[in-house]
Structure formats: C-alpha cells, structure tokens
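Proteins come first, then strands; the chains are lettered A, B, ... in the order of their sequence lines, and each starts at number 1.
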Amino acid sequence: MPLTIYNTLTRSARPFAPADPKRITFYTCGLTVYDDGHIGNFRSFLAADLLRRWLESPLCELVNDPAGSPRRVVHVMNITDVGHMTDDDSADGGGEDKMAAGGRRIAEAKKSGKLPPGVEIDPTDPRAVAEFFTGRFLRDARDMGLKVAIEQATNPLVMPRATDHVPGMIVSIERLISRGHAYVVGSPGSRVVYFDVRSLASYGALSGNTLDRLREGEGGRVRAENQAGKRHPSDFLLWKEDRTHLMKWPSPWGEGYPGWHIECTAMAVRCTHPEAASLDLRTFTVPDGLPIFDIHSGGEDNIFPHHECEIAQSCAAFNALPEGAPLARLWFHPRFLLINGEKMSKSKGNFATVRQLIDQGHEAAAIRLELIKTHYRSNANFTDQGLKDSARLVERWRRMLDAADQARAHSPEAGDQAARDRCRAEFAAAMNDDLNIAGAIAALNRWANEVREPLPGDGVLLRELDAVLGLFDRPRAHGQETDIGVFAPGVEPDPRVIDLLLARREARARKDFASSDRIRDELAAMGYAIKDVAGGRVEVRRA
RNA sequence: GGCCGCGUGCCCGAGUGGACUAAGGGGGCGGAUUGCAAAUCCGUUGCUCGAAAGAGCGUCGUCGGUUCGAAUCCGACCGCGGCCUCCA
C-alpha cells in the first residue's frame with residue numbers, strides 16, 4: 001500500500017504523489033534564532049525529518065513510484081534571523097524586536113556568569129545575537145539527527161537565512177504590487193506595504209479562517225484601532241518603512257524591514273527550485289496554477305496566520321493562476337508537545353531545551369526517539385518516564401546490533417529471512433499509513449523478540465530501519481572514568497561520593513555487607529544509584 | 001462564536017466493521033543471575049470458577065442508533081487540546 005499522509009489543506013488522508021518522485025521538494029518553517037530551540041520546536045522538526053527519511057527509504061512506496069527505487073528529497077529549512085515584533089497584532093508592528101529580546105537574554109546570562117566560557121558577544125548587535133543562537137541550533141539539530149542540518153555543513157543552501165534573502169522578499173513584494181495584490185499607504189518616511197486579502201478569493205482555504213469568519217475582537221489582529229490605513233482589517237504587513245528599527249534594509253518603499261510572512265515566500269520558492277542559484281524571481285512564473293513545491297511543514301500554530309498568508313503571497317506573486325494553487329501539494333502540521341501533561345510556557349517555567357537535556361546526561365538518541373515515537377498528529381506528552389523508556393529501547397536495539405556485528409566473523413548462517421521480511425513488510429505498512437511510527441516500532445519489537453541470536457542479516461535489517469528512525473548514529477556521551485568506577489554522563493564525580501564508594505569497596509572486600517548496604521542507602525538518599533560491575537568497580541548514575 | 005484534532009487496559013500508546021474481546025513498550029508479579037541490589041535475560045499480567053486443560057463474565061469517555069456482528073460507522077452529550085494575538 002502506497003504512502004498516505006494527512007493533508008491539512010484537504011482535511012483528509014490521501015495517497016501522496018509528488019510531482020517528481022526522484023526529486024521531492026520539501027520546505028519546513030524553522031526556528032527564530034533568538035533563543036535555544038526547545039523540545040517542542042524539535043518535535044515538529046523531527047516529525048518533518050521522519051517524513052523526509054521515510055520518503056528516502058527504499059521501503060517507502062509512493063502511488064507514483066514503487067518501493068526500492070532511489071529517491072531524493074530536497075529538504076529546505078529556513079532560519080529566521082530577522083527580529084520580527086513580539087506583538088504582531090498592531091498593524092504597524094509593535095512590541096519588542098525578538099533579536100533585542102534575545103540580546104537581553106544573552107546580556108543576562110553574561111551578568112549571571114551563565115554564558116559558556118570563551119564566548120564574546122555584543123548583546124546589542126542583532127546579527128551577533130542571531131549568529132550565536134544559529135550556531136547552537138545547528139549543533140542541537142545535528143545531535144538530534146536532523147538530516148537537513150547535517151547536510152547544511154556541505155550545502156548551506158538547504159538552510160537559508162532570512163537576512164540573506166531580503167532582496168528576494170523585495171522582488172516578491174514588487175510583483176505583488178504590480179499584479180494588484182498589494183498596496184502602499186502613507187508618505188515617504190512612514191510608508192507601509194500591505195497584502196490585499198480581498199484580491200484572492202481562496203484566502204482562508206488552509207485554516208478555514210475565511211474573511212467572513214475572522215471576527216473582530218476574538219484575537220486582536222482584526223481590530224479597528226490597528227488598521228492604520230489598511231483597506232481590509234485582515235490585510236497584513238509586507239514592508240514597513242522605519243529608519244529607527246534595529247535591523248533595517250533599503251527598499252523601494254524606504255529603509256525598513258519586511259513583514260514576517262514574506263521571508264518564507266522568497267526562500268521557499270528559490271531554495272526548492274532546481275536552478276536555485278540562478279533563479280530570477282523577477283520573471284519566475286509557475287504555469288497553470290500548479291503547486292510550487294511538494295510538501296510544506298511547520299508547527300500547528302503556523303497554520304494561521306503564517307501559512308495562510310504565505311500561500312496567499314506566494315501564489316499571488318508567482319502563479320499564473322493564483323486562485324487554483326495551494327503553493328504546496330501537502331501541508332504537514334505536527335501537533336504541539338505537552339510537558340508532564342501541561343502546555344509548555346515560560347510563565348510556568350516548564351520549558352526544556354534539547355541542550356539542557358543533553359547536559360543533564362540524557363542521550364541524544366533517547367531524546368530523539370522520545371520526540372518521534374508518538375504520532376505526529378497527536379499531542380504528545382514529554383515525561384521523564386517516557387525518556388527512560390526510550391533510552392532503554394535504544395539500548396536494547398543497540399545491543400542487538402552489536403551482537404549481530406559480533407556474529408559476522410564466525411557465523412555464515414543466514415538466519416530467519418522470512419521473519420525479517422515479515423518485519424520489513426509490517427514496518428513499511430505502518431509507516432505508509434500516515435507515518436504510524438508506534439505501529440512501526442511494534443513491528444520492529446515483535447521481530448526483535450523472536451530473534452534469539454542476532455546474525456549479520458539481522459544487523460542489515462536493523463540498519464535499514466534505523467535509516468528511518470535515525471538513532472544509531474547519534475553522538476553518545478561517555479561517562480567520567482575514576483579509580484572506583486565510571487560516573488554516568490552529567491554526573492560529576494563528587495569527592496564525598498568517591499570516599500563513600502571507597503569505604504564501601506573495603507567493606508565488601510571484608511564481606512561486611514551490612515556496612516556496604518548502609519553506604520549504598522546513604523548514596524541513594526543523596527540521589528545516586530550505583531551498580532556493581534566486574535573488578536570491584538561501580539557505575540554511578542542519578543537515581 | 002467559527003474552524004480543526006483528540007478521548008483505548010495501572011501508565012504510555014497501536015488498532016478505524018468479524019480469526020476469544022485490544023499490538024508494542026513501561027510498571028507489577030514469578031524465575032535465572034547477584035552476598036543483597038542494580039542492569040540484563042526468560043515467563044506472566046481484566047475478573048470469577050478450576051490443580052490444569054478449560055468454562056463463564058467483562059472492557060475501549062457517556063447515552064442512543066445502524067449492523068448478523070462495533071473500540072472501529074452515524075447522532076447527541078460530556079471532557080481535553082490547538083488555531084482565530086506571539087509561539088513549533
């Protein structure tokens with residue numbers, strides 16, 4: 001059965017048929033780099049990565065391309081390094097610039113000594129702030145196995161930065177004006193360019209927020225006092241002239257900054273196109289209202305207004321027939337991640353970043369599995385218990401892989417090929433069914449439970465499935481070696497703990513188990529779990 | 001007010017009309033291992049009766065409906081989450 005995916009645009013799951021299965025184009029709305037990416041951001045990026053890896057797997061079958069044939073996904077994920085306003089509701093852009101907010105965070109970290117050593121950064125320079133968080137994001141993304149971030153090292157085009165595409169945004173806006181979809185208000189010194197939502201009857205098709213349904217007063221976006229010269233309350237900002245702004249660029253409408261939807265229009269069109277480098281946005285036109293690329297993804301909160309506005313802009317600017325085009329064939333929106341059953345929010349203080357988890361000693365592979373193992377269209381819940389479960393699963397599969405590799409030297413046996421074929425088929429069937437990852441993992445475990453002695457052929461299958469799951473290649477932190485044993489990643493070898501462990505070793509040597517058990521209880525009370533291993537040594541972890 | 005997603009066993013989570021009425025994981029229980037633990041491996045895990053094979057009853061938010069048959073389809077209701085400001 002070929003791959004079926006739920007499409008936000010059609011509100012239904014249909015077989016996915018890219019224009020060219022040998023070159024599938026995929027654009028993901030990435031991170032605004034004014035802070036570290038949190039696990040919610042990564043859940044959505046990893047869902048996109050899982051889709052991309054599945055499309056590239058030989059096991060994946062498409063309605064217009066059989067399984068087993070090589071396939072390439074051109075996956076582009078942008079980096080928003082322009083500081084859009086924290087309050088987008090007022091028509092002329094209010095609130096604080098996000099890069100300024102990011103700079104403030106850096107300044108605070110500097111003051112409290114939390115900034116990593118060796119980092120010299122000017123918190124008032126928005127470009128430096130963006131650069132700082134971009135570097136951290138790329139590192140986290142690669143640790144998490146985001147293929148697009150790994151590719152970025154050799155092909156920067158797959159992760160374009162908004163500040164590098166301002167000319168493309170300006171060209172896009174010019175085309176919107178000349179095609180009658182945008183207009184300029186105000187006089188030099190305070191000009192604003194708006195998109196004219198009434199010029200496109202299909203506005204609202206993605207989100208269901210058609211113009212008649214966008215009621216005044218529910219949010220604040222459509223509010224009379226914020227209109228500032230708009231022709232319709234839902235018209236949105238494309239360019240704002242503002243010479244005092246933190247980040248500004250010259251344009252035909254004066255020095256200022258772009259609206260927050262237009263960057264994706266410019267980057268998506270350019271970067272997914274085969275002739276990206278030479279593509280001239282001035283003349284680029286998509287015939288007959290066809291989609292410009294195959295897949296567009298982003299968190300569910302992006303559906304409105306961001307993706308709705310992006311469709312409107314892109315189709316109005318580049319499609320011969322703007323009304324009939326959905327910009328992308330497939331709109332893929334992973335749901336939000338809850339943490340311990342609650343929505344993450346800064347006020348509750350329950351934010352977790354990938355970097356924090358890794359620094360605490362959690363394995364990258366376990367974090368990745370925990371974030372991908374719930375179906376992308378459910379609200380997943382991130383918990384400590386879940387993270388433990390995932391870590392254990394990863395360990396189990398790794399042990400199996402190691403055993404299979406060990407068997408390579410002395411076992412010419414093929415093993416149970418029929419069982420492997422069944423696993424492969426069940427895994428594929430689950431993934432083809434709207435990325436049923438839990439079903440796919442169950443298929444893997446059912447098979448793994450049957451394999452008593454892993455053989456080389458089993459290792460081949462494990463690697464084949466892991467090309468999709470993306471777990472084996474994640475970096476593994478190593479614990480710190482000491483005389484008494486090894487301290488797990490994230491656990492500092494406290495001298496007090498070492499003294500207790502030495503005392504316990506002596507007690508055990510004397511067979512004074514009452515004392516040794518008392519010490520173990522004492523360590524447990526301090527939050528340490530210990531495990532005895534060969535040679536009188538121990539492994540120390542957080543309890 | 002509009003649009004959308006969801007509600008499964010102790011917990012997490014598959015299953016979208018029929019092989020006993022729920023995959024897989026966790027937890028629990030039993031065993032191997034260990035001085036004891038931890039980790040790992042094996043078995044087991046709705047209830048009642050039975051030593052056992054087995055038999056009976058029950059379960060998928062609630063209430064109705066469709067059907068020979070429903071966790072699965074339809075309707076109503078209850079509850080949770082998201083969007084309609086910024087957020088992945």
Side-chain angles (χ1 to χ4, degrees), chain A residues 6 8 11 28-32 35 37-48 84-90 94-96 98 101 204 206-210 212-223 226 234 260 297-308 333-338 341-346 369-371 373-383 385-386 388-390 392-393 395-396 399 426 430 433 436-449 452 508 511-514 516-517 520-521 524 529-533 538-541 543:
Chain A
Y6 184 88
T8 307
R11 293 173 185 80
T28 294
C29 280
L31 191 71
T32 298
D35 202 351
H38 55 69
I39 53 175
N41 295 318
F42 274 97
R43 141 114 150 145
S44 130
F45 301 151
L46 288 173
H84 298 291
M85 295 296 106
T86 52
D87 300 336
D88 194 51
D89 59 339
S90 49
E96 185 183 20
K98 282 180 184 166
L206 181 73
S207 62
N209 289 329
T210 50
D212 54 310
R213 282 178 182 151
L214 281 167
R215 303 196 322 169
E216 177 173 336
E218 288 303 322
R221 184 168 176 274
V222 184
R223 199 157 54 194
N226 287 334
S234 291
W260 79 288
S297 84
E300 61 173 321
D301 55 319
N302 280 158
I303 296 169
F304 191 90
H306 188 235
H307 291 165
E308 194 71 73
H333 291 109
R335 302 282 150 199
F336 269 119
L337 179 73
L338 303 176
E342 290 185 317
K343 190 181 170 175
M344 278 193 288
S345 74
K346 302 222 160 147
L369 180 59
E370 181 58 15
L371 290 174
K373 78 179 182 189
T374 302
H375 186 84
Y376 72 93
R377 221 144 35 78
S378 299
N379 289 116
N381 188 15
F382 192 92
T383 61
Q385 185 58 51
K388 266 186 210 159
D389 291 358
S390 295
R392 193 189 287 212
L393 257 191
E395 268 311 311
R396 193 177 160 207
R399 270 197 307 275
E426 288 172 1
D433 178 15
N436 180 356
I437 181 78
I441 290 172
L444 166 52
N445 278 329
R446 265 198 304 275
W447 165 70
N449 286 337
R452 294 282 177 230
R508 292 187 75 216
K511 304 234 184 277
D512 177 4
F513 296 121
S516 85
D517 290 353
R520 187 167 60 200
D521 291 345
I530 60 174
K531 167 182 169 184
D532 292 309
V533 293
V538 291
E539 283 176 26
V540 184
R541 306 187 295 166

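- A distance-only check finds no donor-acceptor pair linking the side chain of T28(A) to the backbone of G30(A) [under 3.5 Å].
- In terms of position along RNA chain B, the nucleotide closest to R392(A) lies nearer the 5' end than the nucleotide closest to the other residue of the pair K531(A) and R392(A).
- In this structure, S297(A) and H333(A) have side chains that are not in contact, with every pair of non-hydrogen atoms separated by 4.5 Å or more.
- Of the P atoms belonging to G28(B) and G82(B), the separation is 33 Å, rounded to the nearest Å.
- When the P atom of C12(B) is taken as reference, atom CD1 of I437(A) falls 20 Å away, rounded to whole Å.
- Side-chain nitrogen and oxygen atoms of Y6(A) include none within less than 4.0 Å of the OP1 or OP2 phosphate oxygen of C4(B).
- Per the geometry, CZ belonging to R520(A) stands 8 Å off C1' belonging to A38(B), to the nearest Å.
- Spacing between A39(B) and C60(B) at atom C1', rounded to whole Å, works out to 35 Å.
- Looking at H375(A), its side chain never comes within 3.5 Å of a backbone N or O of S378(A) through a donor-acceptor pair.
- Using Watson-Crick or G-U wobble geometry with both donor-acceptor distances under 3.5 Å, A19(B) finds no partner in any strand shown.
- With hydrogens and angles left out, the side chain of D517(A) and the base of G35(B) share a donor-acceptor pair within 3.5 Å.
- Across all strands shown, G27(B) forms a Watson-Crick or G-U wobble pair, both distances under 3.5 Å, with U45(B).
- Whole-Å rounding puts the D389(A) CG to G27(B) P distance at 7 Å.
- When the side-chain nitrogen and oxygen atoms of R452(A) are compared with OP1 and OP2 of C42(B), one or more of them lie within a distance under 4.0 Å.
- Side-chain N/O atoms of R11(A) and base N/O atoms of C3(B) include no donor-acceptor pair closer than 3.5 Å.
- Nucleotide C11(B) holds its C1' atom 13 Å from the NZ atom of K388(A), rounded to whole Å.
- When the C1' atom is used for both G5(B) and C10(B), the distance is 27 Å, rounded to whole Å.
- Not a single donor-acceptor contact under 3.5 angstrom links the side-chain atoms of R446(A) to the base of A23(B).
- Between F45(A) and L31(A) the shortest side-chain heavy-atom distance falls below 4.5 Å.
- Within 3.5 Å, a donor on the side chain of R508(A) pairs with an acceptor on the base of G35(B), or the reverse.
- Base-pair partner of A32(B): U40(B) (Watson-Crick or G-U wobble, both distances under 3.5 Å).
- To the nearest whole angstrom, the two P atoms, one in G27(B) and one in C80(B), are 31 Å apart.
- Straight-line distance between the P atoms of A19(B) and C73(B): roughly 16 Å, to the nearest whole Å.
- If you take atom C1' in A70(B) and the same atom in C74(B), they sit 12 Å apart, rounded to whole Å.
- One interatomic measurement links the two molecules: CZ of R335(A) to P of C80(B), which rounds to 18 Å at whole-angstrom precision.
- Inter-residue side-chain proximity for L371(A) and L337(A) is flagged as met; some heavy-atom pair is nearer than 4.5 Å.
- For L371(A) and G13(B), the CG to P distance is 13 Å, given to the nearest whole Å.
- Atom name P, nucleotides C12(B) and C20(B): the rounded distance is 29 Å, in whole Å.
- A22(B) sits 31 Å from A32(B) when the C1' atoms are compared, rounded to a whole Å.
- Judged by Watson-Crick or G-U wobble contacts below 3.5 Å, the nucleotide C86(B) has no partner.
- The side chain of N445(A) approaches G25(B) more closely than any other nucleotide in the set C41(B), C83(B), G25(B).
- Atom CD in Q385(A) sits roughly 13 Å away from atom C1' in G28(B) (whole-Å rounding).
- Atom CG of N379(A) and atom P of C12(B) are 14 Å apart (whole Å).
- Comparing G208(A) and N381(A) by the nucleotide of RNA chain B that holds the closest heavy atom to each, the one mapping nearer the 5' end is G208(A).
- C80(B) is paired with G5(B) under the criterion used here, namely a Watson-Crick or G-U wobble arrangement in which both key atom distances are under 3.5 Å.
- Residues D532(A) and R508(A) are paired through a salt bridge, judged by an N-O separation under 4.0 Å between the basic side chain and the carboxylate.
- Contact check on D517(A) versus R520(A) returns a salt bridge, with a Lys/Arg side-chain nitrogen under 4.0 Å from an Asp/Glu carboxylate oxygen.
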